[in-house]
Amino acid sequence: LEHVPNSVRLWKAAVELEEPEDARIMLSRAVECCPTSVELWLALARLETYENARKVLNKARENIPTDRHIWITAAKLEEANGNTQMVEKIVDRAITSLRANGVEINREQWIQDAEECDKAGSVATCQAVMRAVIGIGIEEEDRKHTWMEDADSCVAHNALECARAIYAYALQVFPSKKSVWLRAAYFEKNHGTSDLLEALLQRAVAHCPKAEVLWLMGAKSKWLAGDVPAARSILALAFQANPNSEEIWLAAVKLESENNEYERARRLLAKARSSAPTARVFMKSVKLEWVLGNIAAAQELCEEALRHYEDFPKLWMMKGQIEEQEELIEKAREAYNQGLKKCPGSIPLWLLLSRLEEKVGQLTRARAILEKSRLKNPKNQDLWLESVRLEYRAGLKNIANTLMAKALQECPNSGILWSEAIFLEARPQRKTKSVDALKKCEHDPHVLLAVAKLFWSERKITKAREWFHRTVKIDSDLGDAWAFFYKFELQHGTEEQQEEARKRCENAEPRHGELWCEVSKDISNWQRKIGEILMLVAAKIKNTF
């Protein structure tokens, strides 16, 4: 060092060999010899007491007025010593001073610095940096879009406080933008606490009182936390802001009925029918009486509803299903047929009628109904799928295969048909078929699920798990995928893996999927939670693929 006193590398190597106290003395000499080395100044500041560290950083700034790291370290030092009010001032002064010294403020670099502060636990510094640079170099019309992308990028890098700071800043600039409030709310729902979410939603509805979805999220958050009276009062305020909102009426009904307050739910529905009568309000009224076993009341309401909304297929479906439940086959058939005259485009109605005929042994009639339905609704994957399965269930596998070939000609990019086609093949041919399916629809969740099942059936456990993860990532709303995944983990996973799959499913709140809807829409399961439905669907799955 005597011969090369300005070698930063040698000083660093020498300091590493010393004990802390000697290292501090040596670093004091080092910065005198190399006054433009940011690294040495920061290393010295780290070893000093708070007061001395401040002096060291001030000296460093005098010697190197163009480096942002010294400023950021100063801000972190103040935050670590409880002077959070100084942090914002230091960051603002940093920007002004650096600019005065001819330094261009590179937004991306600063955002990266903020993310590093976040990971180091310097929350106030990371947020102050974000606020200071977030608007630099962005055109006014691009601000919202850019900031939302920035927030997503921070979440991807696990810099959650940075993302939170971006949302807070964006909401100051766009306080009446429902989309920004929603993005911020979903962020807190997925990454924050229920308190943070509720506080944000309270501010959100004050700024956007007409945004029903924000009120509903607030009520749901309270309800999930077990505070039914608070959820009720949020919905009451939501009513004042949106007097005839169907969504808010139905949320209030759901809250009461799921908490066994059936009379309250009934009264709400009666009020809704008189002040905001919609087909959905009528449908929920019929459903409530049906699930509570008041069949005559349900039928009466259904008739009344159909007088107003004869082109609403779900009412015809319910009418037929209630008759079917009561084993009034002729009446059920009549309800489905009448419904199809009014709603020939309703695929579920065609399926219900065909399955009714199949159930009573009228295979030829069921087949004819499906042929007619395909004529009226060409290129429909669900009708083709049912036609294939009808033949398969009847033991006519050759006809099923012929129909599948026709189906894939008419709907060449249907994932649900390709996934079925894989398992119609004999075992040795399945792999080839799955390759064809992936070529045609590589991002379709049904095909990904079929591939996962294929690996499972071949006992390739790691591969199967990987494909299940892919499937639920690409479509977290597909309940069937979660059920197969959960069943798979029950057989091959640890308790932690089973628990993780269940938790992820509950957070995703899936609503779709053939097996899923079969269970979730079954009248006897109307009060079941997502986790319970998951277990019921998984229990129905047989490993026969």
Side-chain angles (χ1 to χ4, degrees), residues 27 31 37-101 103-138 146-173 184 187-188 191-193 196 199-200:
L27 277 167
V31 292
S37 164
V38 176
E39 249 182 302
L40 292 175
W41 282 108
L42 295 183
L44 176 58
R46 272 198 294 277
L47 292 178
E48 290 286 7
T49 61
Y50 167 51
E51 285 303 331
N52 287 344
R54 288 176 86 172
K55 288 173 189 161
V56 168
L57 292 170
N58 282 334
K59 253 190 169 166
R61 279 201 291 261
E62 285 166 27
N63 283 291
I64 318 164
T66 55
D67 190 90
R68 68 186 193 282
H69 292 114
I70 300 169
W71 287 97
I72 291 173
T73 305
K76 284 163 77 174
L77 177 70
E78 295 301 340
E79 179 178 355
N81 285 279
N83 298 330
T84 39
Q85 74 281 4
M86 283 295 291
V87 172
E88 192 98 29
K89 287 178 189 162
I90 291 172
V91 173
D92 289 342
R93 272 180 25 224
I95 303 276
T96 314
S97 170
L98 289 166
R99 276 185 171 146
N101 280 289
V103 177
E104 186 195 338
I105 303 298
N106 180 325
R107 185 175 180 277
E108 271 63 43
Q109 264 178 359
W110 281 80
I111 288 178
Q112 217 173 330
D113 293 336
E115 289 184 357
E116 277 162 27
C117 291
D118 189 345
K119 283 167 191 161
S122 303
V123 173
T125 306
C126 102
Q127 297 194 333
V129 169
M130 273 299 186
R131 283 193 290 275
V133 301
I134 196 78
I136 291 174
I138 307 291
T146 306
W147 292 343
M148 295 302 104
E149 277 190 347
D150 289 336
D152 288 346
S153 158
C154 289
V155 170
H157 299 154
N158 204 26
L160 302 182
E161 292 299 341
C162 289
R164 193 168 276 124
I166 294 171
Y167 284 124
Y169 189 85
L171 288 168
Q172 282 179 332
V173 179
F187 167 76
E188 293 299 1
H191 304 286
T193 62
L196 284 170
L200 180 92

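When all heavy atoms are compared, the tightest approach of Trp147 to Ile134 is NE1-O, 3.0 Å. Between Leu171 and Ala184 the shortest heavy-atom distance is CD1-CB, 4.0 Å. Heavy atoms only, all atoms of each residue included: Ala170 and Met148 are closest at CB-CE, 3.9 Å. Shortest non-hydrogen contact noted between Asp118 and Leu160 is OD2-N, 3.2 Å. Minimum heavy-atom separation, Cys117 to Cys126: CB-CB, 3.7 Å. Considering every non-hydrogen atom in both Ile70 and Leu42, the closest pair reads CA-CD2, 4.2 Å.
Applying the salt bridge (charged side-chain N to carboxylate O under 4.0 Å, His left out) test to Arg107 and every residue at least two apart in sequence or in another chain returns Asp150. With sequence neighbours excluded, no residue satisfies side chain to side chain donor-acceptor pair (under 3.5 Å) with Gln112. Applying the salt bridge (charged side-chain N to carboxylate O under 4.0 Å, His left out) test to Glu116 and every residue at least two apart in sequence or in another chain returns nothing. With sequence neighbours excluded, the residues satisfying side-chain contact (heavy atoms from CB on, under 4.5 Å) with Asn58 are Arg61. Judged as a side-chain contact (heavy atoms from CB on, under 4.5 Å), and not counting sequence neighbours, the contacts of Ile136 are Arg99, Ile105, Val133. For Ala75, the side-chain contact (heavy atoms from CB on, under 4.5 Å) partners at least two apart in sequence or on another chain are Val87, Ile90, Val91, Thr125. In this structure, Asn63 has no side chain to side chain donor-acceptor pair (under 3.5 Å) partners at least two apart in sequence or on a different chain. By the side-chain contact (heavy atoms from CB on, under 4.5 Å) test, Thr193 is found to be paired with Asp195, Leu196, residues two or more places apart in sequence or in another chain being considered. Shown here are the salt bridge (charged side-chain N to carboxylate O under 4.0 Å, His left out) partners of Glu115, two or more places apart in sequence or in another chain: there are none. Every residue meeting the ring-ring contact (aromatic ring centres under 6.0 Å, His included) condition with His191, not counting sequence neighbours, appears here in chain and number order: Phe187. Listed by chain and number, the residues in a salt bridge (charged side-chain N to carboxylate O under 4.0 Å, His left out) with Asp152 are Arg183 (sequence neighbours excluded).
Around the NZ atom of Lys119, the shell of radius 6.0 Å holds more than 12 heavy atoms that belong to other residues, nucleotides or ligands. The local environment of CD in Glu104 is sparse, with at most 12 non-hydrogen atoms from other residues, nucleotides or ligands closer than 6.0 Å.
Met130 is not listed as a side-chain neighbour of Glu161, based on a closest heavy-atom distance of 4.5 Å or more. Inter-residue side-chain proximity for Trp41 and Lys59 is flagged as met; some heavy-atom pair is nearer than 4.5 Å.
The salt bridge (charged side-chain N to carboxylate O under 4.0 Å, His left out) contacts involving residues 63-80 comprise Arg54-Glu78, Arg68-Asp113, where partners must be two or more places apart or lie in separate chains.
Residue Thr73 holds its OG1 atom at 9.0 Å from CG of Leu77, rounded to the nearest 0.5 Å. From Arg93, atom CZ reaches atom CH2 of Trp71 across 5.0 Å, with rounding to the nearest 0.5 Å. Note that CD of Glu48 is 10.0 Å distant from CG of Leu57, once rounded to the nearest 0.5 Å. Here CD of Gln109 is found 7.5 Å from NE2 of His69. Values are rounded to the nearest 0.5 Å. How far OG1 of Thr49 is from CG of Asn81: 9.5 Å, rounded to the nearest 0.5 Å.
Distance alone, capped at 3.5 Å, is enough to place a donor-acceptor pair between the Asn106 side chain and the Glu108 backbone.
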(request) For the pair Cys162 and Ile111, evaluate side chain to side chain contact (heavy atoms under 4.5 Å, CB included) and give the outcome as yes or no after the intermediate values. (result) CA-CA 8 Å; Cys162 289; Ile111 288 178; over 6 Å; no

